[in-house]
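Read the structure below first, then the notes.
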Amino acid sequence: MLLRLAYLGVTNALAMLRLLPMSDRRKTRKSWPCDTRSWSSNGSCTARRPGSPPADRAFLAALLHQLPPDVLRRIRLLVRPETVLRWHRDLLARRHARLCHPKRVGRPRTVRSIRVLVLRLARENSGWGYRRIHGELLVLGVKVTASTVWEILKDAVALSRRLAH
């Protein structure tokens, strides 16, 4: 990344040297972001501003975020000080989001003891379907939906088939 920063510094310096012998009018014309060929039919500019890679943004944001805004304004940067501070806010937001992201997404798994009880009832009462097992669980005071019982039984059958092959 340091090598890229040095490269960007050298290329910007060479670009500035190239502008030295030009007249002020040509400089203005060269630095204008949209020349006559890049205007669209509705009058808006279609040229894109040069962007910087996320790694460079993160490096600059980490390096410059502690400087006061008035010092940032005095430093000759390719971007506005507000942009550097926005990059730093985005960097912290991404870091916070990554650290706070739950390990598992979606609904939590059913408690193991409930799964064991459902499978035991199904094994001991082979004629019962998932609705009957659900009803017996409600009588026992276990709060679980019928669809959860069905999912537990379906997963157990799929697992036993995989183990059989």
Side-chain angles (χ1 to χ4, degrees), residues 1-9 11-12 33-34 38-75 77-165:
M1 180 163 16
L2 226 47
L3 185 62
R4 179 179 279 176
L5 190 61
Y7 171 75
L8 289 173
T11 55
N12 285 335
C34 287
S38 61
W39 288 92
S40 68
S41 61
N42 64 0
S44 64
C45 177
T46 58
R48 293 187 55 209
R49 287 185 285 171
S52 57
D56 293 346
R57 292 180 185 181
F59 178 73
L60 278 175
L63 192 66
L64 300 174
H65 85 278
Q66 292 186 358
L67 294 176
D70 58 329
V71 174
L72 276 176
R73 282 188 185 83
R74 284 183 290 182
I75 297 175
L77 295 173
L78 296 175
V79 294
R80 293 188 325 220
E82 294 80 19
T83 305
V84 173
L85 296 176
R86 179 177 46 84
W87 287 349
H88 186 258
R89 281 193 309 270
D90 293 346
L91 180 69
L92 291 180
R94 277 195 306 273
R95 181 173 179 262
H96 179 71
R98 188 179 68 241
L99 292 176
C100 294
H101 194 339
K103 302 294 185 242
R104 272 183 200 262
V105 294
R107 190 173 180 91
R109 291 182 58 115
T110 308
V111 181
R112 181 167 164 61
S113 60
I114 293 176
R115 282 185 286 148
V116 169
L117 182 58
V118 167
L119 294 174
R120 180 178 168 198
L121 285 173
R123 188 175 51 251
E124 291 176 358
N125 306 291
S126 59
W128 289 2
Y130 74 96
R131 289 193 183 270
R132 174 73 187 267
I133 294 172
H134 173 250
E136 292 299 323
L137 289 172
L138 288 178
V139 170
L140 293 173
V142 178
K143 290 187 177 183
V144 65
T145 63
S147 62
T148 302
V149 173
W150 183 77
E151 284 286 333
I152 292 169
L153 294 174
K154 183 182 75 154
D155 291 344
V157 169
L159 181 64
S160 66
R161 285 184 183 158
R162 270 192 307 216
L163 293 176
H165 284 82

Would you check, one step at a time, whether the test side-chain contact (heavy atoms from CB on, under 4.5 Å) holds for I152 with T148? CA-CA 6 Å; I152 292 169; T148 302; 4.1 Å; yes
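- Atoms CZ and CG, on R112 and L117 in that order, are 12.5 Å from each other to the nearest 0.5 Å.
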N/O donor-acceptor pairs under 3.5 Å from side chains in residues 127-142, not counting sequence neighbours:
residue : atom : partner : partner atom : Å
R132    : NE   : E136    : OE2          : 3.4
H134    : NE2  : V144    : O            : 2.9

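- Taking CG of L121 as the reference point, atom OG of S126 lies at 12.0 Å (rounded to 0.5 Å).
- Residues satisfying the side chain to side chain contact (heavy atoms under 4.5 Å, CB included) test with L92, not counting sequence neighbours, are H88.
- With sequence neighbours left out, the side chain to side chain contact (heavy atoms under 4.5 Å, CB included) criterion links V111 to S113, I114.
- Residue pairs that meet the salt bridge (charged side-chain N to carboxylate O under 4.0 Å, His left out) test with at least one member in residues 141-154, sequence neighbours left out, are E151-K154.
- A search for side chain to side chain contact (heavy atoms under 4.5 Å, CB included) contacts involving R109 returns R104, R115, not counting sequence neighbours.
- With sequence neighbours left out, R162 forms a side chain to side chain contact (heavy atoms under 4.5 Å, CB included) with L159.
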